[in-house]
Amino acid sequence: MADYNAPVKDMKLALNHIARLTELSSMPVFEDASDDMVSAILDEAARVARDVVGPTNWEGDQTGLKLDESGVVCPECFHDAYSQYAEGGWGSLQFDPEFGGQGMPYLLSVSVMEMWQSANMAWGLCPLLSQGAVECLSINASDELKGIYLPKLISGEWAGTMNLTEGGAGSDLSQVRCKAEQDGDHYRITGEKIFITWGDHSLTENIVHLVLARLPDAPPGVRGISLFLVPKYLVNADGSLGEYNNTKPLSIEHKLGIHASPTCVMGFENSVGYLVGELNRGLACMFTMMNNARLGVGLQGVAISERAYQQALNFANERIQSPAVGHKEPGPIMRHGDVRRMLLTMKALTEAGRALTYDACGSIDFSHHAEDPERREKEKARAALLTPVVKGWCTEFAQEVTSLGVQIHGGMGYVEETGAAQHFRDARILPIYEGTNGIQALDLVGRKTLMDKGEALASLLEEMRATVAAGGAFSALAAQLEAAVVAVEQARDVLLSGSAEDPQLPGAIAYNFMMLLGTVAGAWELLRQAESAAELQSQGEDDPYLAAKQVTTRFYFAQILPRYMGYLEMIKSGSATITEMSDAQYASAWQ
């Protein structure tokens, strides 16, 4: 079973040459994010991920969780890893120094978060959810709540959760029945929530639940949902922990993967809650956390793909079998062409997804801190457009990459001892939670394309065309990218022109539209990286990684980018089969 080693070189290339970290670090607000500081942070995070968090992955998966009268019992090894994470200040990188943060770019924290997710995705979900809670409270909570809860959440002393869905509701939050009743300056929360990630545990001394609930006189549907902060333990005036607040894990789910991440059914019984934001505006407040989590889940797709790739690469170099073509003696299966095809597919998709994810997160930083208000709005729209693509495309290819990891191991991949199966199992949740990928695709075609008549998408395609026009050492690849951009425009035109006549069209083509855009955007990101790698070589840098990046890019353009043609054809012609049938015809079709 291979150790995890963070791909720091690839992270730096994506940060500096794609996501514009160098430009961010030139801003006064990020003056501490010097190249030396960034390198030191990444190197130390890589050490912690390898030596502290990584070794807990297999043990946590095999140990699993228990629920007793004290609550959820986590694997013992998780406690030390979390203590070192908190003591190292790793949860504070991007947050406001007023509350104990380090004031670094969000983008930098994303690369560090990737390391935690690769090292142990089940464990990494705890800090991922806590950071989303900090984002939500920072934007929406009162100054009083911020003063009490943000310092402890940022330091990692307390953890945060997101309590949205309920039994029978699924993704339809209009069905939320959890009750809130005003009681003086606070509220009393009663109800049950399901699928609550890290809903209970003993890694931190307190857990801060963000809970969607409805007041008795609230309007129906999503317009009547409010957001409440419900701590596991109440906080006294002096900051010490007070009474238990009746937030109880009623059960834990027995899941396909992420066995060491407690997914709880949570019960609230007359629990004290504090309003976050305005009454009946809870969903808008929660979207702050949800959007953060959507990018985080996309990042998890990249992270689990990286871990599966490293595992498969290690096995391919060590597994000795029959002679490959050109060899007389048995040797590592790495020598076989089909194994190399699978490994390069894993590598190319992972590196393309990393660059795209970092690029989207960089836009979030610029949307907050760019000096020009017009640019801030443009970067906000850019990040909004890319968010469902990052979440959807990166988690879809994670299914392919982790499956290829099992395939490379052969029969040994199908047994648990090698660890390849765990990555495959863990990855399967990613297209489901934080909004299924069908919902992400609908968001992309609806809110992010139809609503602005394709303006944000057109701006992104202009960026791609600028890369094509720049020429450089990869003119043949640039020509392929130009053809792919035209395909995206054709798909956009089908969407814009056909949706008015056929309201079912957007939903019918949404998934293929998302996969088309992700595939093409991934090619663009890799081409830009290949050009940067070639430029660095021309300046005298002699690192095999730079040559490898160019090989990976050429492979992507030859073997993966052509998928866009299939997605386009399905968008142009496949939608009719879906939309032309009535409900009755569909029902009879299954007989």
Side-chain angles (χ1 to χ4, degrees), residues 18-20 23-24 106-107 110 284 287-288 290-292 294-295 298-299 352-353 355-394 434-435 437-469 481-482 484-500 505-507 509-525 527-528 564 567-568 571:
I18 298 298
R20 302 167 287 169
E23 182 181 351
L24 285 171
Y106 168 65
L107 174 60
V110 166
F287 261 111
T288 308
M290 290 170 68
N291 281 330
N292 180 286
R294 291 163 77 196
L295 286 170
L299 182 72
L356 183 63
T357 302
Y358 287 15
D359 196 2
C361 294
S363 274
I364 290 178
D365 275 319
F366 283 108
S367 74
H368 293 310
H369 301 291
E371 184 175 350
D372 180 13
E374 184 176 342
R375 184 183 179 189
R376 288 199 298 271
E377 286 302 309
K378 184 175 181 179
E379 295 281 3
K380 181 180 178 180
R382 188 179 189 273
L385 174 72
L386 288 175
T387 293
V389 183
V390 167
K391 196 283 180 182
W393 184 63
C394 292
E434 300 314 326
N437 282 355
I439 292 174
Q440 305 303 319
L442 287 171
D443 178 49
L444 175 63
V445 300
R447 292 189 183 93
K448 307 303 166 55
T449 305
L450 287 172
M451 193 170 289
D452 74 348
K453 297 181 172 56
E455 183 177 336
L457 177 59
S459 180
L460 183 69
L461 296 180
E462 285 178 13
E463 292 185 54
M464 295 185 189
R465 281 216 162 89
T467 300
V468 170
L481 179 61
E482 169 65 21
V485 170
V486 170
V488 176
E489 291 175 331
Q490 292 174 345
R492 175 202 61 197
D493 293 344
V494 169
L495 174 66
L496 294 178
S497 63
S499 59
L505 177 70
I509 68 173
Y511 176 83
N512 290 316
F513 192 91
M514 177 184 73
M515 296 302 289
L516 167 64
L517 183 54
T519 301
V520 175
W524 173 54
E525 303 288 25
L527 179 57
R528 292 201 289 162
Y564 81 82
Y567 292 127
L568 178 60
I571 289 168

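The first residue of the sequence shown is numbered 1, and numbering continues consecutively from there.
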Please report the interatomic distance [atom1]([X]) to [atom2]([Y]), rounded to the nearest 0.5 Å.
X	Y	atom1	atom2	answer
Arg376	Ser363	CZ	OG	14.0 Å
Arg294	Cys394	CZ	SG	13.0 Å
Thr387	Met290	OG1	CE	12.0 Å
Asn512	Thr519	CG	OG1	10.0 Å
Tyr564	Leu516	OH	CG	9.5 Å

Do [X] and [Y] touch side chain to side chain, with heavy atoms closer than 4.5 Å?
X	Y	result
Ile364	Leu295	yes
Leu385	Asp452	no
Leu460	Arg382	yes
Asp359	Trp524	yes
Met514	Leu442	no
Glu374	Glu377	no
Asn292	Tyr106	yes
Phe366	Glu23	yes

Polar side-chain atom of Gln440 near backbone of Glu434 as donor-acceptor pair, under 3.5 Å: yes

Whether Lys391 side chain and Gly435 backbone form a donor-acceptor pair below 3.5 Å: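 Here the side-chain-to-backbone pair exists.
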
Hey, are [X] and [Y] close enough for a salt bridge, meaning a charged N less than 4.0 Å from a carboxylate O?
X	Y	result
Arg528	Glu463	no
Lys378	Glu462	no
Arg20	Asp365	no

Minimum-distance pair of heavy atoms, taken over all atoms of [X] and [Y]:
X	Y	answer
Gly392	Asn437	O-ND2, 3.3 Å
Thr357	Val390	OG1-CG1, 3.4 Å
Ile18	Ala355	CG2-O, 3.7 Å
Ala491	Leu568	N-CD1, 3.9 Å
Leu356	Trp393	CD2-CE3, 3.9 Å
Leu505	Val494	CD2-O, 3.5 Å

Exceeds 12 heavy-atom contacts within 6.0 angstrom, atom CZ of Arg447: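 No, the 6.0 Å shell around CZ holds no more than 12 heavy atoms from other groups.
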
Flag if over 12 foreign heavy atoms under 6.0 Å of CD, Glu489: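 Count over threshold, so yes.
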
Chi angles and distances behind the side chain to side chain contact (heavy atoms under 4.5 Å, CB included) call for Leu527, Met464: CA-CA 10 Å; Leu527 179 57; Met464 295 185 189; over 6 Å; no

Side chain to side chain contact (heavy atoms under 4.5 Å, CB included) partner of Pro506, chosen from Thr449, Leu444, Leu495: Leu495

CA sep, side-chain torsions, deciding dist, call: Leu457, Val488, side chain to side chain contact (heavy atoms under 4.5 Å, CB included): CA-CA 9 Å; Leu457 177 59; Val488 176; 4.3 Å; yes

Test log, rule side chain to side chain contact (heavy atoms under 4.5 Å, CB included), inputs His369 and Leu24: CA-CA 9 Å; His369 301 291; Leu24 285 171; 5.5 Å; no

